[in-house]
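Remarks on the structure that follows.
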Amino acid sequence: MSEFKFVRNLSRYDIAPTGIKAVALVVVYIMTTVLSAGVIVGWGQIYPVLLDTGVFHNLCKESETECAAQEAALDRMFNVGASISVLVQAFAGVSLDFFGPKITSWFGIVTMVVGCLLFGYATPEFETHFIGFQLLSAGGPFIFVSMMPVAALFPNSSGIVLMALNGSFGGGALIFYLFNKVYYAYDMELKYLFVFYALVMWVIFLATILFWPWKKFRLDQEPAKIDTLSDYLSSIKSNMTNIHYLYIVIMVPVLIMKSNFFLGTSYQQLRDILHDKTLVDQYNSYFGIMLPVIGLVVGPIGVIIDKAGINIGILFLLILSTLSSICSIITNPAVLWVRFSIFSIYYPYIYGIWSDFISKNFGWESYGTLYAGVAFMACLVNLLGTLLANYAVKGDKFVSINIMLMVGTSVLCLYPIIMGIKNLSRLPKKFERINS
């Protein structure tokens with residue numbers, strides 16, 4: 001053999017279901033996403049439980065019920081987990097292209113089961129909370145990315161499908177919200193909650209055996225455009241140097257970093273504004289339920305992408321993000337309700353734009369690897385977010401950092417505006433050709 005042929009074998013498509021079977025598959029995928037993909041999004045709900053159960057309390061003095069060192073360790077655990085959850089999407093994307101959806105999902109399920117057990121059975125003598133949380137952070141994205149190609153079943157409505165899936169990712173916050181409620185209502189040990197969650201992962205494993213394809217879906221049996229390794233690498237190089245892809249590589253990481261900064265410090269920001277634990281818990285509970293509920297019904301926003309075009313979709317996302325930033329620098333408690341609602345919409349919308357932009361512009365054959373490129377850059381940028389979070393928590397500098405993030409978001413608006421103007425300038429020429 002003069003050239004590798006394994007790319008053709010590994011990127012071959014499965015013939016896709018259609019009609020009601022395709023819709024049913026999307027429903028199964030949405031349920032799976034809620035139960036597995038975005039569990040760490042609910043950090044604000046599990047945070048007070050971890051404080052209450054004494055996780056990392058060994059860092060405090062004996063006379064202290066809580067201390068700054070304990071909170072710093074918890075913040076560090078989330079921030080590292082947030083970075084890992086973004087980084088592993090790069091590996092999950094490549095896995096999707098080379099191993100297919102089914103095996104990619106299995107990587108995630110095994111990782112999450114081990115993470116559940118390590119976190120649940122951690123003790124001061126056997127301190128595995130940190131590594132257990134990182135494995136939970138890493139497992140979800142593998143399961144999530146394995147489901148993205150289902151949008152290929154609906155070529156004219158892929159924006160809606162991807163928004164539904166990505167909204168369900170935010171719906172993962174429901175898991176830790178339920179943990180919070182069960183813990184305080186029944187005084188149940190965290191160990192049992194995480195063991196139960198590990199059992200849920202095995203149910204999902206059975207679902208992947210039944211419903212996940214070995215290869216990515218396609219609607220027909222036309223031959224793949226990529227036959228050899230050199231074809232694959234040439235396609236990747238061409239796409240990754242495309243100006244539009246380079247913009248996504250900048251925009252998405254900045255918005256993810258900004259979102260993770262808010263998710264990781266939301267409880268502290270509430271304390272900084274409200275100065276009352278009862279009110280903090282009330283607002284935190286509202287945010288905990290608002291994020292998954294809005295995430296689950298945000299799918300129709302995908303119509304903006306499908307009908308108005310990707311540039312309008314990006315501009316709408318950036319407007320939402322800017323409005324969220326404006327709310328973040330107003331320390332009036334009443335504005336918090338607006339801020340939570342806007343964030344709950346635009347957080348899953350980031351991932352929806354990311355996914356749909358790549359599939360619409362570059363197709364599905366190298367989708368996973370292009371998705372991985374954005375994820376890798378997002379991980380690097382998220383490290384900056386970790387530094388900002390540590391700085392903000394120690395010095396109560398939330399407002400100044402939120403102003404800086406708002407300015408950065410505003411600058412990103414230039415791309416969709418410029419592209420929109422260019423598209424408008426082409427319209428007269430298009431109409432001239434039609435009339436002639």
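In this text the structure is predicted, and so the values were computed from the model without any measurement.
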| Should the pair K102 and W214 be classed as cation-pi, given the thresholds of under 6.0 Å to the six-membered ring centre and 45° from the axis? | yes

| query | Taking atom OG1 of T322 and atom CG of L412, what is their separation to the nearest 0.5 Å? | reply | 8.5 Å

| request: Assess the side chains of Y183 and T53: does a donor N or O sit below 3.5 Å from an acceptor N or O? | output: no

| task | Give a yes or no on this: more than 12 heavy atoms of other residues, nucleotides or ligands lie within 6.0 Å of atom CE of M31. | result | no

| For the side chain of N284 and the backbone of G44, is there at least one donor-acceptor N/O pair under 3.5 Å apart? | yes

| note | dist S359:OG -> L162:CG (nearest 0.5 Å) comes out at 5.5 Å

| said: In this structure, is the centre-to-centre distance between the rings of Y349 and F316 below 6.0 Å? | reply: yes

| request: Report yes or no: does D97 contribute a side-chain atom to a donor-acceptor pair with the main-chain N or O of G368 at less than 3.5 Å? | output: yes

| message | For the residue pair S95 / T104, report whether a side-chain donor-acceptor contact shorter than 3.5 Å exists. | response | yes

| Could you state the interatomic distance from OG (S410) to CG (L318), rounded to the nearest 0.5 Å? | 9.0 Å

| request: Could you tell me whether a side-chain N or O of T265 sits under 3.5 Å from a main-chain N or O of Q268, the two making a donor and an acceptor? | output: no

| request: Any chance you could lay out the side-chain contact (heavy atoms from CB on, under 4.5 Å) test for F343 and L263, step after step, and finish with the verdict? | output: CA-CA 10 Å; F343 181 87; L263 288 172; 3.7 Å; yes

| Where the side chain of T128 meets the backbone of L118, is there a donor-acceptor pair that is under 3.5 Å apart? | yes

| query | S285 side chain to D281 main-chain N or O, any donor-acceptor pair under 3.5 Å? | reply | no

| request: Among F179, F287, F56, Y267, find the one that has a ring pair (Phe, Tyr, Trp, His ring centres under 6.0 Å) with Y47. | output: Y267

| Can you say whether the rings of F133 and F78 are parallel (under 30°), tilted (30 to 60°) or perpendicular (over 60°)? | tilted

| Aromatic contact, F98 with Y232 (centres under 6.0 Å) | yes

| Among pairs that include at least one residue of residues 70-85, which meet salt bridge (charged side-chain N to carboxylate O under 4.0 Å, His left out), considering only residues two or more places apart or in two chains? | E71-R271

| Pair W106 and F142, ring centroids less than 6.0 Å apart | no

| message | Counting C-beta onward and ignoring hydrogens, is there a side-chain heavy-atom pair between F154 and I160 closer than 4.5 Å? | response | no

| Could you walk me through whether Q70 and C67 pass the side-chain contact (heavy atoms from CB on, under 4.5 Å) check? | CA-CA 5 Å; Q70 179 188 19; C67 66; 3.8 Å; yes

| field | Any donor-acceptor pair under 3.5 Å from S355 side chain to G352 backbone | value | no

| For F205, does the CZ atom have more than 12 heavy-atom neighbours from other residues, nucleotides or ligands under 6.0 Å away? | yes

| Going through the checks in order, is the side-chain contact (heavy atoms from CB on, under 4.5 Å) test met by I256 and Y351? | CA-CA 9 Å; I256 289 178; Y351 293 86; 4.0 Å; yes

| request: May I have the step-by-step check of side-chain contact (heavy atoms from CB on, under 4.5 Å) for L206 and W202, ending in yes or no? | output: CA-CA 6 Å; L206 295 176; W202 285 113; over 6 Å; no

| task | For the pair F169 and Y347, name the ring-plane relationship: parallel under 30°, tilted 30 to 60°, perpendicular over 60°. | result | tilted

| Distance-only, no hydrogens or angles: does the Q89 side chain make a donor-acceptor pair with backbone N or O of F91 under 3.5 Å? | no

| task | State, without any angle test, whether S325 and N402 hold a side-chain donor-acceptor pair at a distance under 3.5 Å. | result | no

| note | Those residues at least two apart in sequence (or on a different chain) that pass side chain to side chain donor-acceptor pair (under 3.5 Å) with S36 are none

| task | Report the relative orientation of the aromatic rings in Y29 and W212; use parallel for angles under 30°, tilted for 30 to 60°, perpendicular for over 60°. | result | tilted

| message | I'd like to know if the side chain of Y197 and the backbone of Y192 have a donor-acceptor N/O pair within less than 3.5 Å. | response | no

| query | Got a second to check how far M201's CE is from C116's SG, nearest 0.5 Å? | reply | 6.5 Å

| Do the side-chain N and O atoms of K258 and S321 include a donor-acceptor pair separated by under 3.5 angstrom? | yes

